Each structure stands twice: as structure tokens, then as C-alpha cells.
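Input: a single structure, listed below in C-alpha cells.
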Protein chains: 2
Amino acid sequence: MSDRRTAILEAAATVIARRGVRGLRVEELAEEAGVSKALIYYHFDDRAGLLRRTLAFVNNRAERYTAEQEAADPPAGPLRRLEQALLLELQDLPHVRENSTAWGELRASAVFETELRSELALASVIWIREVADQLGEVRPTAPESALAASAERLTALLEGLSARWLCGILPLPDARTAMREGIAVEVAHLARRAAEPSTEDTPSRANLD
Amino acid sequence: MSDRRTAILEAAATVIARRGVRGLRVEELAEEAGVSKALIYYHFDDRAGLLRRTLAFVNNRAERYTAEQEAADPPAGPLRRLEQALLLELQDLPHVRENSTAWGELRASAVFETELRSELALASVIWIREVADQLGEVRPTAPESALAASAERLTALLEGLSARWLCGILPLPDARTAMREGIAVEVAHLARRAAEPSTEDTPSRANLD
DNA sequence: GTCTATACTCCGATAGAC
DNA sequence: GTCTATCGGAGTATAGAC
């Protein structure tokens, strides 16, 4: 992968975070990357191809950030590690906000551009499994299915909160608090699931009506 | 409000659900509504104004649907009522899908179009309070702050799951299951909050590390 | 691989008649 | 209030030189 190519992808993430997928203009991207418009069409067939590659790039970068953070600030215990991983996306650092915004944009546009779906689905599965694994380290006796379900909910919650934060209707501290409490609630739930293995996949329903 | 105006707004929701806010072309909208392009600019100042009005329209319509559903299928008890309200958005009926898609699109585009934010924030606050109230009827002894926090999480979870469903990476039945379990988990959490009033705003943290 | 210059399409917005 | 006709700008993509 050439330097130029990477520079274009980095710039694409920046411009998408600034203007959205719909607001991305090849000309503005060219300026941001310090290259000509034509070079973008040379490296990526067209606009759609560019978006696909950008999505992959953003996903990779998010993985790198997670690894970097864990190295820089080693979490004390599995619960802290899980919190760190999930709260990582809710930070007002330039590159984090950029990544979150670009990811949200690309996912939103996938509702209408089918080409992005497979890339998106893959990243989603990996991310959910990662969270499920970390939940498993916090609650080793909880059943796999319960871990997977909790991970699904926690990652969906994160995306919902992130969307609200990014569109300005939920202050960042509130989003972080909501996420932290959401983790605590799910972890407590898993503790009960582990303690009462008799409760089947529909957890604690009978006693709620 | 004239018939034409309403017809345009209805058509706008339809076209947005079909092509996205990004894909909305005033010409296609005119065709869908059976009017001329110029009439759209007559009734709504510009594209941005049209989007603002469409957001308000979609919100109103969602409220109407909720009321209609409650009348048509009276829920048995407060928990069922809550479930019905939250699961309403996760249904593959044309008008529901249209509403959800349009709402998701408009929220996503609000990241870059500041004008939509106030309308969006207002609808969000109302919706969260509504859910908090219904949670309060399920768990009358739970503190207000806990109800509000649970409502925030549940509505964010709904939006996260809905986004995944609409962009095709999460099958609808899975989304519905996740939502139902999410409700159960939060309701169980509120039961503990009511039972142990000593536990402060950071729920069950101390015993988790 | 990278640039400059340009072709051509599409679309938002307005003018002006009825 | 509603239409037809049109303008002007913005934006994607390509041609062709280096």
C-alpha cells in the first residue's frame, strides 16, 4: 500500500467526519490529502470504491487505537478492560471523534448502498465477539449465549449513545455515564444468570408482570 | 395545513426512506407527491426547511401510530405496554420501516446540519420521558433518577438496534429479542434499585472488581 | 503515478404566466 | 397556489501530457 493511497484514506476519514458521506466532495478530499482529483480516481475506481476502502481503513484504525490504549494504560482487571474498550469511542479526541463519526456515517449510508454491508457486518461481528469475550472474563461462569446477548446489547447501546452524542443531543459526560451504568447493569445481570442456571433464555420474565 | 403540504411531507418521508436524506432529490419528491418542483419551494423555503418540517411530521406520525396501536391492541399491564411501545419501532410494516428509516436518516444528517438539532432534541426528550413514565408504572418504588437513566439507555438501545436492522446487519427477530431482553434486564435492575435504596447512583460497582 | 484541463451531468433554485 | 421553463453552479469522472 503506497503512502499516497494511505494519505488519501486518512484524508477521506477526516472529510467524512467533517462533512458526512453525502458532503464528501472529491475536490475537497484531494485538497485535504494534498493530491489531485485524478489521482483519487486512479487509486480507487470511483466514489463508491473509495467509500468501501475508507470503511475498511476506519475499522482497522479503530482496532489499532484499542491496542495502543491498552498498551499505554493497562487496565486493572477484566471489568476495567471492558469499560475502557467501550468508553474508548466516547471521547472528544480528534481522531476518536473522527473515527466514530465516519463509522456512523458509513453505517447510515449502508441502508441505501448495499455494497458497504458485507464489510460492515464483518466488523460488527468481530466487535461483538470481542466484547463477549471480555464479558466472559468478567463473568466466567455465565453461559455463552448470555454473554453474546449482553455483548450485542452493549455494543448497540454504545452506537445509540454515540449517535446521540455526535448529533449534539446528548452531552458527552452523560453518554459516558449511561454507558458505564449500562455495563454495570449487564454485568450484574450476567452474575444472576450464572447464579441461577435454571432461568432459561428469557431472563426473569415470569416475576415481572 | 393544506392537503398539498401534507401530501408533500408524506411523500418526503417515503422518498427519504427509499433513498435517504442524501439521496432525496427534489424532482423525485415532486413526482412522488404528484406536484411540481416549484410548489415544494413555495411551501418550504428550501431543501433544509423541507427536511426540518419532515422531521416534525415523522415525529407526529410516530406518536399517532403509538396511540393507534394502544387503542387497537390494549396492553395487559404496564410492562406489556412498555414492551409494545418500544417494539413498535422494530416491525417490518411499510409505514413503520419508513418512519424508522426517515428518523434515523434525519438524526444522522443532524451531525452536519445544525438546524435539525433542536427539533431532534425535543423529540428525544419527550420520547425518553414517556419511556421513563412507563417504567415508573412498572416499578413505582424506583427512584426518578434511576427511571430516567434506564429510559435513556433503553431508547438508545432501541436506536442502536434499529440502525443495525435497517442497514441489514441484524435480522429483525434478533433485534426484537435483544430489545425485549434489554427491557427485562433494566426492569430487573430497577427492582433491585427499589429494594436496596442504599445503593447510590453508581449501581452495583463495588462488588464487581 | 501524478498532474492539468475539461467534458458533461445533475440538481437546487428562481422567473414569470395563469 | 400551482404550473412550465430555464439558469447557473457544483460535482463526478475522463483525456492526455509528463
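Here the structure is a predicted model, which means the values were calculated and not measured. Naming: A, B, ... by sequence-line order, numbering from 1 per chain.
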key: Under-4.0 Å side-chain N/O to phosphate OP1/OP2 contact, R25(A) with dA10(D)   = no

request  = Can you tell me the distance, in whole Å, between the CZ atom of R4(B) and the C1' atom of dG1(D)?
outcome  = 9 Å

query = How many Å lie between CG on L24(A) and C1' on dG11(D), as a whole number?
reply = 11 Å

ask   = Whole-Å distance between dC11(C) P and D46(B) CG?
value = 18 Å

remark   = The answer to which of K37(A) and A38(B) contacts DNA chain D further toward the 5' end, by nearest nucleotide, is A38(B)

task = Please determine if R180(B) and E83(B) form a salt bridge, counting it only when a charged side-chain N lies under 4.0 Å from a carboxylate O.
result = no

Integer-rounded Å distance: dG1(C) P and L39(A) CG = 9 Å

Using atom types as modelled, flag every donor-acceptor pair under 3.5 Å from a side chain in residues 106-123 of chain B to any protein atom, sequence neighbours excluded.
residue	atom	partner	partner atom	Å
R107(B)	NH1	E159(B)	OE1	2.7
S109(B)	OG	E105(B)	O	3.3
S109(B)	OG	L106(B)	O	3.0
R117(B)	NE	C167(A)	O	3.2
R117(B)	NE	A110(B)	O	3.4
R117(B)	NH2	V111(B)	O	3.4

For residues 125-134 of chain A, which side-chain donor-acceptor pairs fall under 3.5 Å, sequence neighbours excluded?
residue	atom	partner	partner atom	Å
E130(A)	OE2	Q134(A)	NE2	3.1
Q134(A)	OE1	L82(A)	N	3.3

Whole-Å gap separating C1' (dT4(C)) and CD (E27(A)) = 12 Å

key: 5′-ward residue of the pair A48(B)/S36(A) relative to DNA chain C   = S36(A)

ask   = How long is the line joining OH of Y41(B) and C1' of dT2(D), in whole Å?
value = 16 Å

R61(B) with E10(B): basic N within carboxylate O range, under 4.0 Å = no

key: Whole-Å gap separating C1' (dT4(D)) and OH (Y42(B))   = 17 Å

inquiry  = Rounded to whole Å, please give me the gap between CZ in R47(A) and C1' in dC10(C).
reply    = 14 Å

